[in-house]
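Below you'll find the structure, written out as structure tokens, and then a few comments.
Predicted model, so just to flag it, every value in this text is computed and none were measured. Both counts, for ligands and for their atoms, begin at 1 and track the order of listing.
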Amino acid sequence: MIYQLPPLPYAYDALEPYMSKKTLTVHHDKHHQAYTDGFNKALEQTPEPYKSMKPEEILQSLDKIPEPVRTALKNFGGGYVNHSFFWPLLKKNNGAVPQGDLAKAITSSFKSFDQFKIEFSDAAKKLFGSGWTWLVLDPKTGSLRIMNLPNQESPVSQGLKPLLVLDVWEHAYYLDYENRRAEFIEKWWAVVNWDMVAQHYQEVRKKSA
Ligand code: MN3
């Protein structure tokens with residue numbers, strides 16, 4: 001199986017002024033492409049049955065895969081999967097907020113939507129070095145949780161179900177915001193695609209039911 005870089009699901013300038021055309025071009029066409037290439041290379045060394053699994057299933061099976069291919073799959077397979085998950089979660093939202101079941105779940109886990117935003121932004125600001133801030137559903141408790149993971153680690157490796165994610169690697173914001181990660185995080189709320197988050201929430205609830 002050879003994976004292709006999924007096309008960006010909108011124009012490169014669709015998220016201006018929050019994320020520039022230049023940032024999206026480099027981030028998608030260079031960084032995501034490099035993870036895709038690295039993932040394909042790692043798969044050449046991956047033994048069966050893992051080699052034929054879906055990328056997410058490979059990430060769930062990392063502890064059974066021998067080194068050094070395990071680390072290569074964690075880094076490049078994670079980078080491939082995480083960025084593929086990230087792009088569709090971006091869309092100019094004109095101030096929209098979560099609705100329906102997703103809104104209820106956020107309120108029930110974080111007291112209020114505003115409190116959720118504060119906690120998520122705080123986590124993203126505090127993440128040291130490179131990594132991603134996630135909103136996940138924990139199937140064991142049924143509640144939502146914010147978590148930071150380093151580098152290209154994925155919550156699916158821990159049995160958690162991702163709903164929303166923010167890439168806080170410097171390559172995600174440095175061209176637009178230089179070292180001002182906090183400002184990037186604040187602006188990012190304007191491009192969260194809540195319909196897509198709600199869609200993920202419905203899908204994972206169906207699977208855990
Ligand atoms: Mn990235």
Looking at Lys22 and Asp176, does any basic side-chain N land under 4.0 Å from a carboxylate oxygen? no
Nearest 10°: the angle subtended at the Mn ion (ligand 1) by His27 NE2 and His83 NE2? 90°
Any chance the rings of Phe113 and Trp194 have centres within less than 6.0 Å?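 Between Trp194 and Phe113, which both carry aromatic rings, the centre distance is below 6.0 Å.
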Quick one about Ser157 and Glu153 (side-chain donor to acceptor, distance below 3.5 Å, no hydrogens or angles considered), yes or no? no
Report yes or no: do His171 and His27 form a side-chain donor-acceptor pair below 3.5 Å?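 A donor-acceptor contact under 3.5 Å links the two side chains.
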I'd like to know: is the Mn ion (ligand 1) within the 2.8 Å range of an N/O/S atom from His171, strictly under that distance?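 An N, O or S atom of His171 is closer than 2.8 Å to the Mn ion (ligand 1), so yes.
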Of all N, O or S atoms in Asp167, identify the one at the shortest distance from the Mn ion (ligand 1).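 Result: OD2.
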